[in-house]
2 protein chains.
Amino acid sequence: MSGVRKERADAVRNREAVLAAAARLFADHGGPERVSMDDIAQAAGVGKGTLFRRFGDRTGLVRALVEQRTERLRAQVVSGPPPLGPGARPDVRVLAVLDALLRFKLDNRPLMLALENADVGSPYQNEAYELWHAQLMALLAEVRGHRDADFLAHALLAAVRSDLIEHLVRAGKSPGELCEGTAALVRAVLGGADSPEAGKVEEKGEAG
Amino acid sequence: MSGVRKERADAVRNREAVLAAAARLFADHGGPERVSMDDIAQAAGVGKGTLFRRFGDRTGLVRALVEQRTERLRAQVVSGPPPLGPGARPDVRVLAVLDALLRFKLDNRPLMLALENADVGSPYQNEAYELWHAQLMALLAEVRGHRDADFLAHALLAAVRSDLIEHLVRAGKSPGELCEGTAALVRAVLGGADSPEAGKVEEKGEAG
DNA sequence: GGAAAAACGGACCGGCAGTCCGTATAGTTG
DNA sequence: CAACTATACGGACTGCCGGTCCGTTTTTCC
């Protein structure tokens, strides 16, 4: 009775080995473009054929890596506890989401930089982007109406793009400064109040 | 004394031929990564050696193209007539600059997209970026104080990045909608008022 | 007109993405 | 446990591309 055979154990092992090796090499070398597929295969301890059979091509590998990395964060936003997840006030949540995204990218700096630069237009081809955008747009609409919510959500996300973060960090900005800047942007977009009272979004951590 | 010889005529001719060919090919193929240097050389009617002697490598070629394209716009901002150039009120000028940048990128869509994606971090290695940023930061500081002006200037520029524009256009947005979105973002950042009434940039007394 | 500087061009080199297929192995069945 | 089959493995192989090198051609200057 041949139904569907399970995925072979060695295949699973190899796939994970490749993803792990790729993540490390991309991070080490600061960009997927700077690592050859041969190097990845060798570091993972598999043949080149295996690598390409699994992931199709370089882009496929990068995409798989993106999905693996963002899944955790996505889960937190979709169904985690407030303020990131549902339940918090929309204004609070906008800041929480942006802040989480920023911190996530700071924590995975070389990798996320590599991933967003995978190829032309890649940050916008990433499936996760749609999610962040839809989420932010809905929240913005709640806070300040539907007008321009679409574009403004894109603008907020653009402000935490990996290469901008990289640029600022290299220019000497501290993570705290970036968080503070992001918060200021969010405040401005949310309702304009620059003063804390109008839309006091409780300060999250960094700006302590 | 004959210390310096002039640049040879054929060198000038060839350099321009290469730049023109590269611009066209990049635009046609939607990205500098998708065009081989051989193709560029052939399209320009020069040998490969000539191409590399002039521009060093692919990056150098792209950079030269960027400079050539942005020079006009730069001149307008630095020393053109208001509202783009000096003389206009800072709040007006912020919008004018952003809007000009947006329109410029819309007009040169495939090329600018290609240029900004030249390689990792490229939009921020572009010399012109420093100019736009410094300009916007100064203007923002005038309007709303120095606090966060640095980051907010970056955020504004991030909102008109070529790949975002490309994404939005492909998603069906009209240029008008993009301008409108940009304007909304600028209003929010400038002083917070979103509705034309509630708190425009403050009182816009025309005659200062 | 002629010599030297400058530039030209395309053959050439090393390396890399992606393919192909003979071999090895996990899983299954009796 | 042994045989058997589907599945996966791996690395040799191919074609292409970025960048170099150097003999040849063009420009400039006197």
Side-chain angles (χ1 to χ4, degrees), chain A residues 1-23 25-26 28-65 114-115 117-120 122, chain B residues 1-23 25-26 28-65 114-115 117-120 122:
Chain A
M1 306 285 300
S2 47
V4 264
R5 291 202 175 195
K6 292 194 313 185
E7 182 183 14
R8 266 171 58 164
D10 52 350
V12 176
R13 220 179 317 121
N14 281 335
R15 193 184 56 228
E16 288 176 7
V18 168
L19 285 174
L25 289 179
F26 288 174
D28 284 355
H29 289 77
E33 306 302 346
R34 298 190 164 263
V35 180
S36 76
M37 298 299 268
D38 293 84
D39 288 346
I40 297 171
Q42 185 164 34
V46 306
K48 222 173 161 186
T50 300
L51 193 163
F52 279 96
R53 195 172 341 91
R54 270 297 148 209
F55 300 101
D57 61 4
R58 177 189 222 89
T59 302
L61 172 58
V62 171
R63 189 164 298 150
L65 213 39
L115 296 180
N117 276 296
D119 60 3
V120 172
S122 72
Chain B
M1 305 279 284
S2 52
V4 268
R5 290 202 175 194
K6 290 193 315 184
E7 183 183 13
R8 268 170 57 163
D10 51 352
V12 175
R13 221 180 315 121
N14 282 335
R15 193 184 55 226
E16 288 176 6
V18 168
L19 286 174
L25 288 179
F26 288 174
D28 285 354
H29 290 76
E33 306 302 347
R34 298 191 164 263
V35 180
S36 74
M37 298 298 269
D38 293 84
D39 288 346
I40 297 171
Q42 185 164 33
V46 307
K48 222 174 161 185
T50 301
L51 194 163
F52 279 96
R53 195 169 343 91
R54 267 301 147 210
F55 300 100
D57 60 5
R58 177 187 222 90
T59 302
L61 171 58
V62 171
R63 187 164 298 151
L65 213 40
L115 297 181
N117 276 296
D119 60 1
V120 172
S122 73

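Keep in mind that this is a model prediction, so the values were computed, not measured. Here is the naming used below: chain letters follow the sequence lines, and residue numbers restart at 1 for every chain.
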Given atom [atom1] of [X] and atom [atom2] of [N], what is their separation to the nearest angstrom?
| X | N | atom1 | atom2 | answer |
| --- | --- | --- | --- | --- |
| B/Arg15 | C/dC8 | CZ | P | 10 Å |
| B/Gln42 | D/dC17 | CD | P | 12 Å |
| B/Leu61 | D/dG18 | CG | C1' | 13 Å |
| B/Glu33 | D/dC17 | CD | P | 13 Å |
| A/Asp38 | D/dG10 | CG | P | 14 Å |
| B/Met37 | D/dT20 | CE | P | 10 Å |
| A/Ile40 | D/dG10 | CD1 | P | 15 Å |

Partners passing side-chain contact (heavy atoms from CB on, under 4.5 Å) against [X] (at least two apart in sequence or in another chain):
| X | result |
| --- | --- |
| B/Ala17 | B/Ala44 |
| B/Phe52 | B/Met37, B/Lys48 |
| B/Ala22 | B/Phe26, B/Ile40, B/Leu61, B/Leu65 |
| A/Arg8 | A/Asp10, A/Ala11 |

- Please figure out whether B/Arg58 or B/Arg13 has its closest DNA chain D nucleotide nearer the 5' end.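 The residue whose closest nucleotide sits nearer the 5' end is B/Arg58.
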- Between the base of D/dT7 and the side chain of A/Arg8, is there any donor-acceptor pair under 3.5 Å?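 In this structure, the two groups form a donor-acceptor pair.
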- Under the side-chain hydrogen bond (donor to acceptor under 3.5 Å, both in side chains) rule, collect the residues that match up with A/Arg58, sequence neighbours excluded.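 Partners of A/Arg58 by the side-chain hydrogen bond (donor to acceptor under 3.5 Å, both in side chains) criterion come out as none, since no residue qualifies.
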- Report the residues that fulfil side-chain hydrogen bond (donor to acceptor under 3.5 Å, both in side chains) with B/Asp39, sequence neighbours left out, ordered by chain and then residue number.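 If we apply the side-chain hydrogen bond (donor to acceptor under 3.5 Å, both in side chains) test to B/Asp39, skipping adjacent residues, the hits are B/Ser36.
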- Message: With a 4.5 Å cut-off on side-chain heavy atoms, are A/Thr50 and A/Arg53 touching?
- Response: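 Yes, side chains in contact.
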- Can you find a heavy atom in the side chain of A/Phe55 that is under 4.5 Å from one in the side chain of A/Arg63?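 They are not in side-chain contact.
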- Item | Strand contacts (DNA chain C) in residues 46-57 of chain A, 4.0 angstrom heavy-atom criterion |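 When residues 46-57 of chain A is checked for heavy atoms under 4.0 Å from DNA chain C, the hits, listed by number, are A/Lys48, A/Gly49, A/Phe52, A/Asp57.
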- Sugar-phosphate only, base, or nothing, as touched by A/Val12 at under 4.0 Å among non-hydrogen atoms: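 Counting heavy atoms under 4.0 Å across all strands, no contact is made by A/Val12.
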- Query: Considering only side-chain heavy atoms of A/Ser36, which listed nucleotide, D/dG18, D/dC9, C/dA17, is closest?
  - Reply: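 Of the candidates, C/dA17 comes closest.
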- Message: Test of understanding: with salt bridge (charged side-chain N to carboxylate O under 4.0 Å, His left out), list the residues that count as partners of B/Arg54, not counting sequence neighbours.
- Response: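 Applying salt bridge (charged side-chain N to carboxylate O under 4.0 Å, His left out) to B/Arg54 gives B/Glu7.
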Quick test: give all pairs of protein nitrogen or oxygen and nucleotides 1-4 of chain C nitrogen or oxygen below 3.5 Å, distance rounded to 0.1 Å.
none

- Query: So, is B/Asn14 close to the C/dC8 phosphate, meaning a side-chain N or O under 4.0 Å from OP1 or OP2?
  - Reply: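 Yes, such a contact exists.
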